[in-house]
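All figures in this text were calculated on a predicted structure; none of them were measured in a lab. Numbering of ligands and ligand atoms starts at 1, following listing order.
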Amino acid sequence: MTDIKNITEEMAKAELAQLAELLGKANIAYHQKDAPEISDGDYDRLKRRNFDLEEAFPNLVRADSPSLQIGAAVSEKFEKVTHAVAMLSLGNAFEDGDVFEFDTRTRKFLNASTERISYTAEPKIDGLSLSLRYENGVLVQAATRGDGAVGENVTTNARTISDIPQRLENAPNVLEVRGEVYMSHADFAALNERQTEAGDKPFANPRNAAAGSLRQLDSQITKSRPLKFFAYAWGALSDPLGSTQMDAINRLKSLGFSTNPLTAVCNSPEELIRHYLKIQELRADLGYDIDGVVYKVNELSLQERLGFRSTTPRWAIAHKFAAELAWTHLEAIDIQVGRTGALSPVARLTPVSVGGVVVSNATLHNEDYICGLDSKGEIIRDGKDIRVGDFVQVYRAGDVIPKIADVDMSKRPEDAQKFTFPVVCPECNSPAIREEGDAVRRCSGGMICPAQAVERLKHFVSRSAFDIDGLGAKQVEQFCLDGWVKEPAEIFTLQERFGSGMQQLKNREGWGEKSANKLFDAIEGKRKIPLNRVIFALGIRHLGDSASKLLAQHYGSWDGFETAMISASEPESDALTELLSIDGVGAVMAASAVQAFTEPRERALIDRLVKQLNIEDVAPVAASDSVVAGKTLVFTGTLEKMTRAEAKARAEGLGAKVSGSVSAKTDLLIAGPGAGSKAKKAADLGIKIIDEDTWIELSSRA
Ligand code: IVH
């Protein structure tokens with residue numbers, strides 16, 4: 001990873017685009033499919049990198065930035081619930097230093113740099129969050145977090161959880177209790193035993209089991225799964241629960257909720273860390289998974305002043321535990337070819353239990369990684385390479401794809417050979433090329449490579465792309481293997497080629513006349529499709545769901561988009577300048593999009609597809625409705641009721657831009673006592689000037 005200090009704006013823009021895409025995908029895998037694809041540790045590291053880059057280049061924060069998103073959009077299985085108060089996520093601390101920094105930052109924000117602040121510290125439960133709404137003491141709704149703003153209605157299922165009271169005595173008229181649904185280790189083991197006996201797939205870990213159990217369409221199934229609930233926060237309230245976090249938690253306890261007994265008040269960062277170490281020591285015997293300790297500012301009035309960044313509160317942080325490790329043998333290295341042709345090495349391991357989960361595969365990322373270098377050429381594992389036969393240390397952080405953290409050189413077999421990375425694709429024998437500056441070697445076969453063709457077709461029919469009923473990953477893979485569908489356009493000629501009398505399709509296993517007809521109808525129904533879905537479905541590298549939406553919103557129509565991409569292949573063209581000026585489009589993404597339209601084979605593929613479609617235009621997005629949204633504000637003079645940081649955060653939270661100097665672009669000046677030249681300049685320019693009280697009124701009304 002390049003040090004932030006050495007990064008140019010252009011590099012940061014490209015990296016932020018990649019991070020948005022990677023984290024977007026990871027979010028969907030984790031939150032919607034309950035099947036994480038990257039480790040929690042990697043996820044946290046990517047998020048951290050995104051945060052650091054955005055801090056260094058605040059002007060590059062993307063509309064689809066992962067720092068502005070929580071979780072992922074909700075599944076269509078459940079009715080949607082808009083949360084009255086957004087359900088947020090937490091910033092992370094990994095080291096003691098981060099905890100001290102959190103304390104310093106908090107005090108600075110509050111202008112209390114010398115005073116001590118009291119905090120609560122409690123286990124971070126590794127489950128899924130749930131918001132319970134009580135009206136007049138009656139449970140009326142239970143909703144998952146979803147994307148933070150809109151969750152899934154799981155009320156019927158939540159009613160089957162014995163820790164969740166159906167009625168409350170002496171509760172506020174409106175009370176939203178928030179907490180974590182989880183499964184104990186003992187219940188998880190028993191459930192997996194039952195799953196295996198019944199011939200069903202066991203769950204990878206208790207978190208997945210809890211999520212899978214709560215998000216069942218049949219509440220009888222949820223009922224048969226022993227779920228538990230810890231209350232630790234709240235949303236909408238008609239009356240306060242107390243004046244401190246600790247009081248509020250005690251009140252929830254007296255109302256009948258389970259609260260975590262390891263919640264404590266600590267008066268300094270040192271005390272927080274002591275409590276963290278205590279919880280870490282107890283961790284193995286708790287009987288349920290936790291992945292860290294959450295620190296919260298205890299005084300609720302201070303929490304209120306501290307407020308929120310886009311998706312995380314300033315008044316809380318999660319101090320994560322380090323990842324889990326185990327040693328085992330590396331039996332083989334296999335190469336998998338992905339959608340974009342990337343050759344990914346996979347380690348086949350002698351199965352070993354890592355933190356309670358049996359692991360038999362690990363990712364080896366790319367050839368440099370096997371040699372002991374990360375993607376930026378920096379040395380990892382002290383430069384030790386990985387060889388078949390090695391005794392390796394597997395690292396997992398509550399995830400699905402583990403990594404190799406270390407190699408025991410003393411146990412390396414004498415005849416162990418250095419791994420030679422293939423230079424031809426193992427699937428189609430096309431040359432596998434590694435471009436300058438890319439850590440990944442890619443098959444150059446395009447759609448003639450069966451592995452790429454299958455992966456691209458699977459992507460094409462995926463949820464955010466064409467999402468054709470009856471044509472999922474499995475079906476399209478089968479069609480592709482049989483040579484019925486070799487490229488996306490051929491999906492739309494299936495009926496013409498194989499539909500006659502339906503004989504051929506009907507004869508296939510798993511298909512009857514009814515399902516074949518249904519499939520053809522579903523395919524017909526998708527000829528008319530919004531522009532952003534088509535762009536995403538093309539599977540162009542670096543163009544994820546959110547980037548596709550940005551492009552669709554910018555260009556509006558297929559013709560506009562296509563013409564622009566073709567013109568943008570000229571290096572000095574206006575079309576390229578325009579493409580790069582789109583907020584959220586970086587050089588890497590732009591180059592990739594343009595390439596898809598200039599590479600003749602790709603272009604022909606796209607043309608054949610577009611002929612089959614009726615692509616709908618996409619309208620540009622509407623702006624936020626706050627009075628200061630989109631406006632540029634300047635603060636000057638002394639603010640007496642809030643710090644500058646607090647004022648700036650509040651303004652940005654309302655969609656305004658905060659600038660340090662007055663210019664013709666300034667819309668509003670907020671002037672406190674002692675305002676000098678800026679106020680004069682603003683007055684000269686005829687810019688509206690207001691005082692702090694008016695600002696507070698304006699910003700709380702908005
Ligand atoms: S407080 C506004 N406390 O961690 C912040 N969250 O990474 C509200 N979690 O979405 C969250 N244990 O699902 C809080 N003791 C705890 C928690 C906890 C687990 C989860 C929760 C949250 C996620 C954030």
I need the nearest protein heavy-atom contact for [atom]: residue, atom name and distance, please.
{"atom": "atom 23 (C) of ligand 1", "result": "K124 NZ, 3.9 Å"}
{"atom": "atom 12 (N) of ligand 1", "result": "I125 N, 3.0 Å"}
{"atom": "atom 13 (O) of ligand 1", "result": "E180 OE1, 2.8 Å"}
{"atom": "atom 5 (C) of ligand 1", "result": "L90 CD2, 3.7 Å"}

query: Are D98 and R48 close enough for a salt bridge, meaning some N to O gap below 4.0 Å?
result: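 Result for this pair is yes, salt bridge flagged.
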
message: Check this for me, if you would: do E176 and R178 make a salt bridge, where the nitrogen-to-carboxylate-oxygen distance has to be below 4.0 angstrom?
response: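 Judged by the 4.0 Å cut-off on N to carboxylate O distance, E176 and R178 do form a salt bridge.
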
Check [X] against ligand 1 and report side chain, backbone, both or neither, counting heavy atoms closer than 4.0 Å.
{"X": "P123", "answer": "backbone"}
{"X": "E122", "answer": "side chain"}
{"X": "K296", "answer": "side chain"}

Between [X] and ligand 1, does any nitrogen or oxygen pair lie at a separation below 3.5 Å?
{"X": "V294", "answer": "no"}
{"X": "W315", "answer": "no"}
{"X": "L128", "answer": "no"}

message: Test of understanding: with side-chain hydrogen bond (donor to acceptor under 3.5 Å, both in side chains), list the residues that count as partners of Q166, not counting sequence neighbours.
response: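 side-chain hydrogen bond (donor to acceptor under 3.5 Å, both in side chains) list for Q166, sorted by chain: R159.
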
message: So if I apply the side chain to side chain contact (heavy atoms under 4.5 Å, CB included) rule between S219 and each of L214, T156, V154, which one comes out positive?
response: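 So, applying the side chain to side chain contact (heavy atoms under 4.5 Å, CB included) to S219 and each of L214, T156, V154, only T156 qualifies.
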
Looking at ligand 1, is there an atom of it that comes within less than 4.0 Å of some heavy atom belonging to [X]?
{"X": "R178", "answer": "no"}
{"X": "P313", "answer": "yes"}
{"X": "G127", "answer": "no"}

[Y] and [X] aromatic ring geometry - parallel, tilted or perpendicular at 30°/60° bounds:
{"X": "Y119", "Y": "F102", "value": "tilted"}
{"X": "Y276", "Y": "F321", "value": "tilted"}
{"X": "H319", "Y": "Y295", "value": "perpendicular"}

query: So which of Y232, W234, Y295, Y182 gets nearest to atom 16 (C) of ligand 1, if we judge by its closest heavy atom?
result: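 Looking at heavy atoms only, the winner is Y232.
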
task: Please report the C-alpha distance between L302 and W315 in whole Å, then the side-chain angles of each, then the deciding distance to 0.1 Å, and finally whether the side chain to side chain contact (heavy atoms under 4.5 Å, CB included) criterion is met.
output: CA-CA 8 Å; L302 296 186; W315 44 264; over 6 Å; no

message: Would you say CD of E193 has more than 12 non-hydrogen atoms from neighbouring residues, nucleotides or ligands within 6.0 angstrom?
response: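 It does not: E193 CD has 12 such atoms or fewer within range.
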
query: Can you list the ligand 1 atoms lying under 4.0 Å from a non-hydrogen atom of R145?
result: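 Here the atoms of ligand 1 in question are 10 (O), 22 (C).
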
query: Does any donor atom in the side chain of D187 or S184 lie under 3.5 Å from an acceptor atom in the other side chain?
result: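 Result is yes, a qualifying pair exists.
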
